[in-house]
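Beneath this line is the structure, given in C-alpha cells, with notes to follow.
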Amino acid sequence: MSTTTVAHHDEHTDHPTGIMRWLTTTNHKDIGTMYLTFSLIMFLVGGSMILGIRAELFQPGLQLIKPDFFNQLIGVHALIMIFAALMPAATGFANWMLPLQIGAPDMALPRLNNWGFWLLPPSAILLTLPFTLALFGIGDGALATGWTFYPPLSIQGGIGVDFAIFAVHLLGISSVLGSINIIVTLFNMRAPGMTLMKMPMFAWGWLITAFLLIATIPVLAGAVTMLLTDRHFGTHFFDAAGGGDPIMFQHLFWFFGHPEVYILLLPVWGFIPQILQTFSRKPMYGYKAQVYSLWAIGAMSVVVWAHHFFTAGMPVPALLYFMYSTMAISLPLAVLFFCWIKTMWRGSMSFETPMLFTVGWIILFGIGGLTGLVLADVAADAQYHNSYFVVAHFHYTLFAGGIMGIMAGVYYWLPKMTGHMYNEKLGQLHFWLTAISFNLTFIPQFFLGLAGMPRRIPDYALQFAEFNMISSMAAFVLGLSQLIFVYNIISTVKGGKKATSQVWEGAEGLEWTLPSPPPYHSFTEQPIIK
Amino acid sequence: MTTHSNNHYYVPHGALYPVVLSAGLLTLASGFIFSVATDKNKDLAYLQTPGKWMMYIGAAIILLMTFKWLSAVVVESITGQYKKWEDKSFRIGMIVFICSEVAFFAAFFGALFYMRIISVPDLAAFDPIFTPYKDFLGTWPSAGPGGTVLGTEYKPGTLTPMAAWGLPAINTALLLSSGATITWAHWGLLKDNRKQLIFGLFLTVALGTAFLVCQAFEYHEAYTHMGLTLGSGAYGATFFMLTGFHGFHVTLGTIMLIVILLRSMQGHFSAKSHFGFEGVAWYWHFVDVVWLGLFIFVYWL
C-alpha cells in the first residue's frame, strides 16, 4: 500500500509557494483548506454580528444599536452563516475528503474548483461592504430585510439590497461550480470496483446535495434578478399594480430556501454515520436504507416549500398539501435516526470529542426535527409563525444539526488533515460548553415564541425580559467558547502528538489508509476495490 | 491492495485566471450597483459615472480572463493532455451545467405561469363592492390593473401582444434549422469531411445571427409601435425577461459557435476527440429547446 501513496515526483509537486500557492492552486487539499479556513473566519464574523443583536436584546428598550442597524445585522448574520460559513465548510470537507474516500487523484475539474473557492471572498466583500460604505456616508448600510429579501420591503430598500443580490449571485455561481465538480468527481473518478452502492455515505450525502443545488440555486438567482429589475428597471413581478404578486417572491425564494435546509444538512448526514461506526467499532447499520432515505428526503424537499409562509394566504387544498407533504419528510428522516441509533446499539463505544459532538448532535437535531413537525401543522403555525419559536427551531436544526455536525467532522478529520492530534481535553471542554450554552440560549427562545415574542424586533414587552436575559448571557458563553475551538485548531495545525494513519481505532475507509497528513498528491495510482 | 496503473488523470497547473476573473466579477457587480444607485438613493447620483467605469473595467477583465483561460484549455487539448477519462469529466460537467441553466429558465417560466394563472385573475376576482380595481378584467395578456407603486402612479398603457405567427414563427424556423445544420456539421466531423463541418458551422452561425437580428427588430417594434415595454406589467416583464435572457444565451451560443468555427478552420477537432464541438452543440440545442417553450407559452397560447 505504501508504495502507491507516495507522490510521484512530477512537475505538479513543484507547486508555487507563499501566496501564489493559494491563489493559483488546483490541488483539492489546498482548496479544501481554503474553504474550511474561510468558513471558520466567516463563522466568527457572523457570530459577532449576532452577539451585537443579543446584547441589544439583553434588556427591553433600545440601548446599544439603532433599529435599522439591528435589522441589517440580522439579515447579514443569516446570509453569512448559511452561505459563507455552513456551505463552504461542507464544500471544504467535500474537497478534502471525497477524493481520498473514493480513491481519486484529485477533483475532476481542478481549475473550476479553484474558481469556485475564489468567488467566495468577493461575495463576502459584497455582503459586508455596505456597512463600511455607510461609515463614509455612502448609502444607508446593508440590506435590512432579513435574509429572505421579501418585497415590497426589499424593493424600497437602499443600496445594501443591491449588494446582497449580487453577493447571492456570486455565491450561487460558486455553489453551482462546486456541485458540478462534485457530481463529476463522484460519477467519473471513483476507484475501479467502487460501485455507487459501495460509496462512502459522505459521498452519497454530497451527491444528493449537489443535485439539489443544481436544481434550486438557479431559481434563487432568477428570483433575485426579478427583484433587481423590479428595483431598477420598472418591471412589476412583485407589484399588484402591474399584475404581479409579492407572494410570488415567497414561492420562488422558498422553492430554493427549503431545499437549502437539506443542502446544509445532507453532507452532515453523510459523515455522521461514518463517525458513529468508527467510535462504535461496528459497521454502520442499514447502509441501503440510509441511501434510499437520503434520496427520498432530497426528492421531497423540493415539493414542500410553501410551509414557510402558511400565514401569507393560500387556498385550503394547498395548505393541506404542503402540511401533509412536509410531515411526510419525517418518515425517511426517522429511518435515518433509527439507523444512527442502531449503529451505536451494543457497539464498543468510546467518547472522544468527535463522538461527543455526534451524540449531542443526534439529540439536539432531534429536538430541531420534532419542533419542525409542530411548525408544519397549519393550524398551530398561525400561532408560531414569525415568532421566536421559529428562531429556536431553525437554530436547533442549523446550529446543532449543521454547525455542531461540522465541528464533529472537524475533530474527526483534523488529525488526518494536519498529521497531529488535537488537544482532547480542550475538545471535550469545547463540546460541553457549546452544548450547554447552546441549549441555554435557545430553550428560552421556544418559550418566548410560545408566549408571542415576534422575531426581528429590537425591543420587546417587559414580560419577555427574564428569558431574553438568560438567552443573551448564554449566547455570549456560546460565542466565547468557540475561541477554544479556534485555539485548538490553530495549535493542532502548528504541532502536537503525531497522528497515525488510521488515527481512530475503529476507522475504516480509503482515507485512513493514507499517511497523516496525506501526501500532496494522493492516489495518482487508483486502488482497486474488491 | 492492488492498484491499476493504465490511467493517469490530468491535473492542470495552477493559474491566476480564476482569481482574477473573480476580481473582475466583483468590480463589475459593484460598478453596476453604483451606476444604478440613483433611483433609490437620490443623494448617490455622483456614484453613477465611477460606477460605469468600474463596469467597463470589470467587463474587460472578465472577457480577457475568459479568453486566456479557454485558450489555455484549448492548448492543453490540442497538445493531447486530455484523454478519454478527462473527456468524460467534461461531458458530465457540461450536462450538469445545462441542467442548472434549465433551472434558471424554470424560475422565469414559473413566474409567467404564476402571474397568468394565479395573480392576474385573482386581482380581477375581488368582490365588486370592495375591489380597488373596478374595471380590471384579468384577461391575458395583462399589464396589470394599475395603482400606486411605492409613491409613484403606475397606469398600464394599452399594449398589443406579440403575435406568434409573424416574426416569432420565422425565428422558430431559423433556430430549428440551425439545430439541423449543426447536426449536419457534426456528421461531417464524424466522417472526417472538413468541408461539410466548416460549411455546416458557418450556416449555423448565420442562422443564429439572423435570429438575433430578427429579435432586435421585434424589440424595436415592441417599443416604438406596440406600447410593449419592460414596464408593461405582468406581460411586459415576463415577455422581455424570458425572451431577453434567451436572446442573451443565443448571443453567447453564437460567440461560442464562431470560436468553434474558427478552430475548425485551424484544423482542430478530430472524429474521435471533439468535446469542444459537442459541448457547444449541446448548448445550442438547449437554447433551441428553451425557444420552443417560449414560442408555445409566451407567443402562441
Side-chain angles (χ1 to χ4, degrees), chain A residues 1 4 12 15-16 23-26 105-106 108-111 114-115 118-119 122 125-126 138-139 152 155-156 158-159 162-163 166 170 176 180 183-184 187-188 192 214-215 218-219 221-223 226 229 231-237 239-245 248 251-252 525-528, chain B residues 1-5 7-9 11-16 18-19 21-23 25-26 29-30 33 36-37 39-41 44 85 88-89 92-93 96-97 99-101 103-104 106-108 110-111 114-115 118-120 123 142-150 154 156 230-231 233-234 237 241:
Chain A
M1 189 66 226
T4 66
H12 302 314
H15 55 78
L23 289 178
T24 65
T25 183
T26 51
D106 204 298
L109 306 162
R111 229 178 249 149
N114 174 302
W115 191 28
W118 280 110
L119 280 165
I125 293 172
L126 285 176
I138 301 172
I155 292 176
Q156 291 163 293
I159 198 168
D162 294 320
F163 273 101
F166 280 102
L170 293 197
V176 168
I180 292 176
I183 292 173
V184 176
F187 278 150
N188 198 28
I214 292 295
V219 176
M226 291 177 211
T229 55
R231 281 170 60 79
H232 297 297
F233 303 110
T235 55
H236 296 97
F237 284 106
D239 261 329
D245 188 352
M248 182 169 81
H251 281 284
L252 288 168
E525 307 283 337
Q526 287 198 296
I528 292 175
Chain B
M1 198 180 292
T2 46
T3 60
H4 82 142
S5 52
N7 246 336
H8 184 88
Y9 197 79
V11 178
H13 288 276
L16 271 174
V19 65
L21 184 58
S22 299
L25 279 166
L26 176 64
S30 8
I33 294 164
V36 294
D39 44 18
K40 301 285 163 204
N41 310 64
L44 294 181
W85 197 8
K88 196 178 168 197
S89 285
I92 303 174
V96 179
F97 172 69
C99 288
S100 78
E101 290 270 40
F104 181 76
F108 288 91
Y114 186 98
M115 287 166 128
I118 300 177
S119 70
V120 168
L123 288 170
S142 172
T148 310
V149 183
L150 303 177
Y154 166 69
L230 195 57
M241 291 298 275

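All chains are named by letter (A, B, ...) in the order of the sequence lines, taking the proteins before the strands, and each is independently numbered beginning at 1.
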task = Go through A/Pro105, A/Ala215, A/Gly244, A/Ala223 and name the one with the most non-hydrogen pairs under 4.5 angstrom from chain B.
result = A/Gly244

ask   = Of the non-hydrogen atoms in A/Thr26 and B/Pro12, which two are nearest, and what is the gap between them?
value = OG1-O, 2.8 Å

query = Considering only heavy atoms from C-beta outward, does the side chain of B/Phe104 approach that of A/Val176 to under 4.5 Å?
reply = no

query = By a 4.5 Å heavy-atom criterion (distance strictly below it), what part of B/Ala15 contacts chain A: side chain, backbone, both, or neither?
reply = both

inquiry  = Using side-chain heavy atoms (C-beta onward) and a distance below 4.5 Å, is B/Leu44 in contact with A/Ile138?
reply    = yes

key: Separation of B/Ile33 CD1 from A/Phe166 CZ (nearest 0.5 Å)   = 5.5 Å

inquiry  = Let's test your reading of the structure: which of B/Ser100, B/Gly110, B/Ala29, B/Ser30 forms the most heavy-atom pairs below 4.5 Å with chain A?
reply    = B/Ser100

inquiry  = Going by the rule side chain to side chain donor-acceptor pair (under 3.5 Å), which residues pair with A/Thr229 if we only count those two or more places apart in sequence or in a different chain?
reply    = A/Thr235

query = What is the minimum heavy-atom distance between A/Phe233 and B/Val36, and which atoms define it?
reply = CZ-CG1, 4.3 Å

ask   = Once you round to the nearest 0.5 Å, how far does CH2 of A/Trp118 lie from CG of B/Leu26?
value = 12.5 Å

key: Which portion of A/Ile180 sits near chain B, non-hydrogen atoms under 4.5 angstrom   = both

request  = Considering only heavy atoms and a distance below 4.5 Å, find which of B/Ala106, B/Ser142, B/Pro156, B/Ala143 pairs most often with chain A.
outcome  = B/Ala143

task = Taking all non-hydrogen atoms of both residues into account, name the closest pair between A/Ala241 and B/Tyr154 and its distance.
result = O-CE2, 3.3 Å

inquiry  = Would you call the rings of B/Tyr114 and A/His251 parallel, tilted or perpendicular, taking 30° and 60° as the class edges?
reply    = tilted

query = Can you name the nearest heavy-atom pair linking B/Ala107 to A/Leu252, along with the distance?
reply = O-CD2, 3.9 Å

ask   = Going through the distances and angles, do A/Phe187 and B/Val96 end up as a side-chain contact (heavy atoms from CB on, under 4.5 Å)?
value = CA-CA 12 Å; A/Phe187 278 150; B/Val96 179; over 6 Å; no

inquiry  = So for A/Ala108, is it side chain, backbone, both, or neither that comes closer than 4.5 Å to the heavy atoms of chain B?
reply    = both

ask   = Contact part of A/Leu119 toward chain B, heavy-atom cut-off under 4.5 Å: side chain, backbone, both or neither?
value = both

remark   = Looking only at heavy atoms, the pair that brings B/Ser119 and A/Asp245 closest together is CB-CB, 3.6 Å

remark   = Taken to the nearest 0.5 Å, the spacing of B/His13 NE2 from A/Thr25 OG1 works out to 12.5 Å

key: Contact origin within B/Leu230 toward chain A - heavy atom pairs under 4.5 Å   = both

ask   = Which one of B/Gly147, B/Ala103, B/Gly93 has the most heavy-atom pairs closer than 4.5 Å to chain A?
value = B/Ala103

remark   = Smallest heavy-atom separation, B/Pro18 atom then A/Asn114 atom, equals CB-OD1, 3.3 Å

query = Nearest 0.5 Å, what's the CE-CE distance between A/Met226 and B/Met241?
reply = 7.0 Å

task = Enter the distance from A/Ile183:CD1 to B/Ile92:CD1 here, rounded to the nearest 0.5 Å.
result = 9.5 Å

